[in-house]
Amino acid sequence: MVAAANPARHPTHAVPVPAAASHDPQALLDWYDRHRRRLPWRAEPGQTADPYHVFLSEIMLQQTTVVTVAPYYADFLARWPDVAALARARLEEVLSRWAGLGYYARARNLHACARAVVERHDGRFPAEEAALRALPGIGPYTAAAIASIAFDRRAAPVDGNWERVVARLFAVEEALPKARAKLRALALTLLPDARFGDFAQAMMDLGATLCTPRKPACALCPWRESCAARADGAPERYPVKTAKAARPTRRGIAFLALRADGAVLVRSRPEKGLLGGMSEVPSTPWEVDGPGHVAAHAPLQADWKALNATVTHAFSHFALELGIWRARLPAKMAAPAGHRWVRPAQFEAEAFPSVMVKVLEYID
DNA sequence: GAGGCGTGGGT
DNA sequence: TACCCAAGCCT
């Protein structure tokens, strides 16, 4: 979508803009110049950010906090300092270094995207939103983020921060996610005439530090005078959201097969779906109705002992309760088809998601 | 377009 | 405790 930089000069019929609203973009840029957060992936003031740094950080930051991302970003950048290096990496190694960060399709797409940049764009990220959007794992937000932050193109990376800020500035009563298009249209009316990258990051900093979900610090906000939600006296009421569905509990049993030499029996999950491509301890299916006939799912015949232990884990759309069955096996025992024996010293090279790290606590 | 897709921290 | 929340993308 294309919108005029200033709707007062270039009226649009797409969305009615309150006549009284004057959220001066320069006021936010001035605030940003004084309060910008120093983050590992950000360029120094006045400098252009490296597109690869923006790309890597933006993918990691999808639905993930700055504090969580920071060590992963440092590790990836040290290991793969540029997009060509990442493109040369093995997918298994990328997944193992991503382990613990969640939303594992991001890691697979990150790797595919690096290869696509090398193959389709000669190793240089395109500056245009449309070309960026065509790359794997890069959606409308990330395309706009790279275009604006790395290339200072006029683009609006509307994330959760932008949505919250805009919903409050205009006191939008329509609920998310349905209100998304409206919030985006309103966001476009806020854009300055220059410094698009700084403006994008300023909106994120504003949302992350002042215009927070709970107890926003309106007294410190550069837009406090023109904010409709503040005028209403209840800024924390925005953005309005529709209630989410309740999260069911699924149950299963994990089979901890321990060889006498200390090795543990593991396998890789299918490439697509939940924890796609990640390493796991074999288990029954995880179902709401429970594991059913447990022994039928055991990876091998053994003297299985049910431990008095349950691993619980919260996924985004269901809770998991995993019982543990453990068996000890001779050192020369071969791995069944599709499985492999892994010693604890080699765990670092495996792509164990957090739930499997919890299961592996019971190898002793 | 609504739901699948992780995780850890905060209240 | 049981939610809610965080720089979304894909199908």
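All heavy atoms count here, side chains included; hydrogens, waters and symmetry mates do not. Predicted, not measured: the structure shown is a model, and the values here were computed from it.
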Name the nucleic acid region contacted by A/L39, choosing base, sugar-phosphate or nothing; use a 4.0 angstrom heavy-atom cut-off, strictly under. base
Which value, in whole Å, describes the distance between the C1' atoms of nucleotides B/dG6 and C/dA6? 12 Å
Would you indicate what A/T142 reaches in the nucleic acid, counting non-hydrogen atoms under 4.0 angstrom: base, sugar-phosphate, or nothing? sugar-phosphate
Between A/E236 and A/K215, is there a side-chain N and carboxylate O pair less than 4.0 Å apart? no
C/dA7 and B/dA2: how far apart are their C1' atoms, nearest whole angstrom? 22 Å
Within the structure shown, what part of the strands sits under 4.0 Å from A/R164 by heavy-atom distance: base, sugar-phosphate, or nothing? sugar-phosphate
Describe the nucleic acid contact of A/W41 in one word from base, sugar-phosphate, nothing, applying a heavy-atom distance below 4.0 Å. base
First encountered from the 5' end of DNA chain C, between A/R42 and A/I138: A/R42
Spell out protein contact along nucleotides 3-11 of chain B as letters: B when the base is contacted, S when just the sugar-phosphate is, - when no protein heavy atom is under 4.0 Å; keep the 5' to 3' order. -SBBBS---
Need one value for A/P157: base, sugar-phosphate or nothing, where a base atom within 4.0 Å counts as base even if backbone is also close, heavy atoms only. nothing
The complete set of ring-ring contact (aromatic ring centres under 6.0 Å, His included) pairs with one or both residues in residues 119-156 of chain A, sequence neighbours excluded, reads A/F55-A/F125
Please check if the side chain of A/W341 supplies one atom and the backbone of A/M333 the other of a donor-acceptor pair under 3.5 Å. yes
May I ask you to decide whether A/R237 forms a salt bridge with A/E173, counting only side-chain N to carboxylate O separations under 4.0 Å? yes
Side-chain donor-acceptor contacts of residues 314-324 of chain A below 3.5 Å, not counting sequence neighbours, with atom names and distances?
unit_1, atom_1, unit_2, atom_2, d
A/E321, OE1, A/R251, NE, 3.3

By the 4.0 Å heavy-atom rule, please label A/V69 as base, sugar-phosphate, or nothing. nothing
Is the ring centre of A/F170 less than 6.0 Å from the ring centre of A/H23? yes
Verdict with supporting geometry, A/L86 and A/V94, side chain to side chain contact (heavy atoms under 4.5 Å, CB included): CA-CA 8 Å; A/L86 182 58; A/V94 174; 4.1 Å; yes
Would you grab the first and last nucleotide of DNA chain C (5' to 3') that comes under 4.0 Å of any non-hydrogen atom in chain A? C/dC5 to C/dC10
For A/D30, all residues meeting salt bridge (Lys or Arg N to Asp or Glu O under 4.0 Å), sequence neighbours excluded: none
Residue pairs passing the side-chain hydrogen bond (donor to acceptor under 3.5 Å, both in side chains) test where at least one lies in residues 342-355 of chain A, sequence neighbours excluded: A/R97-A/E348, A/D261-A/R343, A/S279-A/E350, A/R340-A/E350
